[in-house]
Asks: 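Okay, handing you the structure first.
Naming convention: chains lettered A, B, ... in sequence-line order (proteins, then strands); numbering from 1 in each chain. As the structure is a computational prediction, the values presented were derived from the model and not from experiment.
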There are 2 protein chains.
Amino acid sequence: MESIQARAAESGGVTSLVERRLLHEEVIDRLRDMIVQGELAPETKLNERVLAAQLGISRTPLREAFKYLASEGLVELLPNRGAVVAPLKPGKVKEIFVVLGALEALAGELVCRNATDADIAEIRALHYQMVAHHARGELAPYFRYNQQIHIRLVECAGNATLAQVYRGLNAHVRRARYMANLSHERWDAAVGEHEEILAALTARDSARLQALLRDHLAKKLVLVMEALNANKPPMKAS
Amino acid sequence: MESIQARAAESGGVTSLVERRLLHEEVIDRLRDMIVQGELAPETKLNERVLAAQLGISRTPLREAFKYLASEGLVELLPNRGAVVAPLKPGKVKEIFVVLGALEALAGELVCRNATDADIAEIRALHYQMVAHHARGELAPYFRYNQQIHIRLVECAGNATLAQVYRGLNAHVRRARYMANLSHERWDAAVGEHEEILAALTARDSARLQALLRDHLAKKLVLVMEALNANKPPMKAS
DNA sequence: CAACATGGTTTTGTATGCAAAAAACGAACA
DNA sequence: TGTTCGTTTTTTGCATACAAAACCATGTTG
């Protein structure tokens with residue numbers, strides 16, 4: 001793991017023009033990435049001493065980052081027993097998808113009303129990027145653009161609170177999303193759904209957009225649940 | 001302000017049966033209460049040294065509490081300039097109400113499907129308590145039961161994530177809710193709306209319940225916005 | 001008088017120290 | 001073998017110490 005402290009040194013003595021970010025904020029972002037990207041698996045114990053050493057910082061800002069991420073729900077704090085990466089229980093994932101559904105539906109309504117043409121053009125651009133990666137069979141970049149489209153769509157609804165809550169919940173299940181292995185058919189279908197979503201957005205057809213988003217999410221949930229249950233058959237029976 | 005440390009001492013030497021809570025958690029709850037209850041007004045600067053002294057603790061757990069509450073959005077962290085109670089801007093409040101509306105609607109749908117009869121009976125009991133306080137013109141307890149009804153309703157939807165997000169956003173605007181001074185007519189009307197809500201819930205009429213909740217919230221928003229704009233006419237013009 | 005510089009003070013951010021709780025280890029024992 | 005107790009070791013939680021950044025109050029200069 002690369003030290004965070006190194007970042008300060010590498011700018012060559014001259015404190016860079018950009019505002020020097022606070023250490024604990026840097027740590028928050030770094031840990032969040034590591035958790036969401038799956039680099040830190042669910043239920044991983046987060047040992048303060050070793051993590052601090054790896055990041056090249058002291059325990060204090062690390063502990064502060066734990067608290068922040070605990071409030072986001074990505075980390076769980078066990079009294080007197082430290083922090084662990086929040087477990088990813090199927091039931092929880094289902095719950096989150098339900099809430100995300102309601103939020104995306106709201107976003108669909110608002111985005112049709114509030115998005116500028118430039119906003120929609122930007123989403124369209126992301127869409128074509130995603131399509132290109134799909135055509136080339138590049139899964140990881142496809143996922144990235146897919147995520148970006150959904151997030152950008154919510155952001156363009158013009159309600160920062162909505163966007164923040166959405167991002168927070170989405171970060172949780174992003175870990176699970178990667179696990180859902182797409183069949184070739186499902187992948188094609190998903191892209192087709194995105195085409196429809198883009199069309200509804202372009203037409204600013206709120207009702208249709210909401211329906212499409214709901215449907216799209218519901219289908220994703222099925223896949224994710226399958227992947228979760230496949231990876232985790234915690235049955236004690238022989 | 002009363003010291004938190006005192007709590008430990010007052011149990012008379014015998015460490016109480018209940019698990020000894022962690023200091024920073026205690027502080028989180030305490031500060032959250034103080035903010036939501038309005039004891040700490042929006043934009044109040046939170047000086048680490050004096051707050052820590054008042055609470056009878058060191059700066060470390062206090063700072064950890066700041067981080068947690070910052071993630072909740074009740075506190076704002078200004079790099080190198082400490083923490084302040086999150087401002088309560090009319091625009092933000094409006095945003096939150098919109099999201100709360102979507103969440104309550106979702107809760108209305110789920111609660112009709114998932115709530116037990118006992119759940120509904122409990123909400124009914126809260127309702128009658130609230131009505132009693134309305135009859136006696138006791139505003140503060142009325143508000144308390146009112147809040148409890150809404151929160152309990154969301155909790156009975158059987159989606160813990162939904163409940164958590166709802167409580168978080170609600171905590172924000174609770175500060176503003178108290179400011180909205182009810183006219184006699186509006187107060188009566190609000191109670192009437194609650195009667196209808198209870199009826200729809202009892203009948204498990206999902207669509208109707210959703211509509212009622214939306215309408216109820218929208219009316220509340222109007223009042224809150226009026227109160228906010230009345231208290232804060234930030235116009236520079238003479 | 002306004003804008004800016006400057007020294008001291010306060011306040012924040014991070015590291016470190018210390019006590020208490022939990023985990024790990026191992027010996028005694030059934 | 002497996003269990004239970006006691007001891008050692010590790011880890012957490014909180015307090016404190018120190019350095020750097022922001023603030024403040026004056027004085028200086030144009």
Side-chain angles (χ1 to χ4, degrees), chain A residues 2-9 11 13-31 40 43-71 75-86, chain B residues 2-9 11 13-31 40 43-71 75-86:
Chain A
E2 193 195 346
S3 158
I4 285 181
Q5 290 289 13
R7 177 192 42 71
S11 62
V14 180
T15 316
S16 77
L17 294 176
V18 294
E19 180 80 24
R20 190 229 184 288
R21 294 192 63 215
L22 260 25
L23 221 38
H24 63 258
E25 293 180 1
E26 199 101 23
V27 173
I28 288 168
D29 289 343
R30 179 79 87 95
L31 285 179
L40 286 171
E43 324 224 14
T44 304
K45 181 154 181 9
L46 299 170
N47 183 300
E48 292 179 5
R49 195 178 299 248
V50 314
L51 243 184
Q54 285 177 330
L55 296 171
I57 59 174
S58 82
R59 288 169 54 218
T60 307
L62 180 60
R63 286 175 55 88
E64 292 181 353
F66 284 172
K67 302 298 180 295
Y68 194 97
L69 293 169
S71 178
V75 157
E76 211 163 271
L77 301 175
L78 313 174
N80 289 317
R81 308 188 46 224
V84 298
V85 178
Chain B
E2 193 195 348
S3 159
I4 285 180
Q5 291 287 14
R7 178 190 44 68
S11 63
V14 179
T15 316
S16 75
L17 294 175
V18 293
E19 180 80 23
R20 190 224 183 288
R21 294 192 63 216
L22 259 27
L23 220 40
H24 64 257
E25 292 181 1
E26 199 100 24
V27 173
I28 288 168
D29 289 343
R30 178 80 87 94
L31 285 179
L40 286 172
E43 323 224 15
T44 304
K45 179 153 180 21
L46 299 171
N47 184 300
E48 292 179 5
R49 196 180 297 262
V50 314
L51 243 183
Q54 285 177 329
L55 295 171
I57 59 175
S58 83
R59 288 170 53 216
T60 306
L62 180 60
R63 285 176 58 87
E64 293 180 352
F66 284 172
K67 301 297 180 295
Y68 195 96
L69 293 169
S71 179
V75 157
E76 210 163 273
L77 300 175
L78 313 174
N80 290 315
R81 310 192 40 224
V84 298
V85 177

Asks: Rounded to 10°, tell me the angle between the two end axes of the helix from C/dC1-D/dG30 to C/dA30-D/dT1, each built from five pairs.
Replies: 30°
Asks: Could you please spell out the steps behind the side chain to side chain contact (heavy atoms under 4.5 Å, CB included) verdict for B/I57 and B/E26?
Replies: CA-CA 11 Å; B/I57 59 175; B/E26 199 100 24; over 6 Å; no
Asks: So does B/H24 get a side-chain nitrogen or oxygen closer than 4.0 Å to the phosphate oxygens (OP1/OP2) of D/dC14?
Replies: yes
Asks: Decide yes or no for A/L22 and B/L77: does some side-chain heavy atom of the first lie under 4.5 Å from some side-chain heavy atom of the second?
Replies: no
Asks: Taking the side chain as every heavy atom from C-beta outward, state whether B/D29 and B/R21 have any pair of such atoms under 4.5 Å apart.
Replies: yes
Asks: CD of B/E64 versus P of D/dA15: gap in Å, rounded?
Replies: 10 Å
Asks: Can you check the A/L62 CG to D/dG13 C1' distance for me, whole Å?
Replies: 14 Å
Asks: What's the spacing between B/H24 NE2 and B/S58 OG if we round to 0.5 Å?
Replies: 12.0 Å
Asks: Counting heavy atoms from C-beta on, name the nucleotide in C/dA15, D/dT16, C/dT14 closest to the side chain of B/S58.
Replies: D/dT16
Asks: Identify the heavy atoms of B/R81 and B/K45 that sit nearest to each other, and give their distance.
Replies: O-NZ, 3.4 Å
Asks: Rounded to the nearest 0.5 Å, what's the gap from CD on A/E43 to CD on A/E76? Could you check?
Replies: 8.5 Å
Asks: Are the side chains of B/F66 and B/L31 in contact, using a 4.5 Å heavy-atom criterion?
Replies: yes
Asks: Evaluate the criterion side chain to side chain contact (heavy atoms under 4.5 Å, CB included) for residue pair A/K67 and B/I28; output intermediate values, then yes/no.
Replies: CA-CA 10 Å; A/K67 302 298 180 295; B/I28 288 168; 5.6 Å; no
Asks: Using atom names, set out every protein N or O paired with an N or O of nucleotides 9-12 of chain D below 3.5 Å, distance rounded to 0.1 Å.
Replies:
from: D/dT11; atom 1: OP1; to: A/N47; atom 2: ND2; distance (Å): 3.2
from: D/dT12; atom 1: OP1; to: A/K45; atom 2: NZ; distance (Å): 3.0
from: D/dT12; atom 1: OP2; to: A/E48; atom 2: N; distance (Å): 3.4

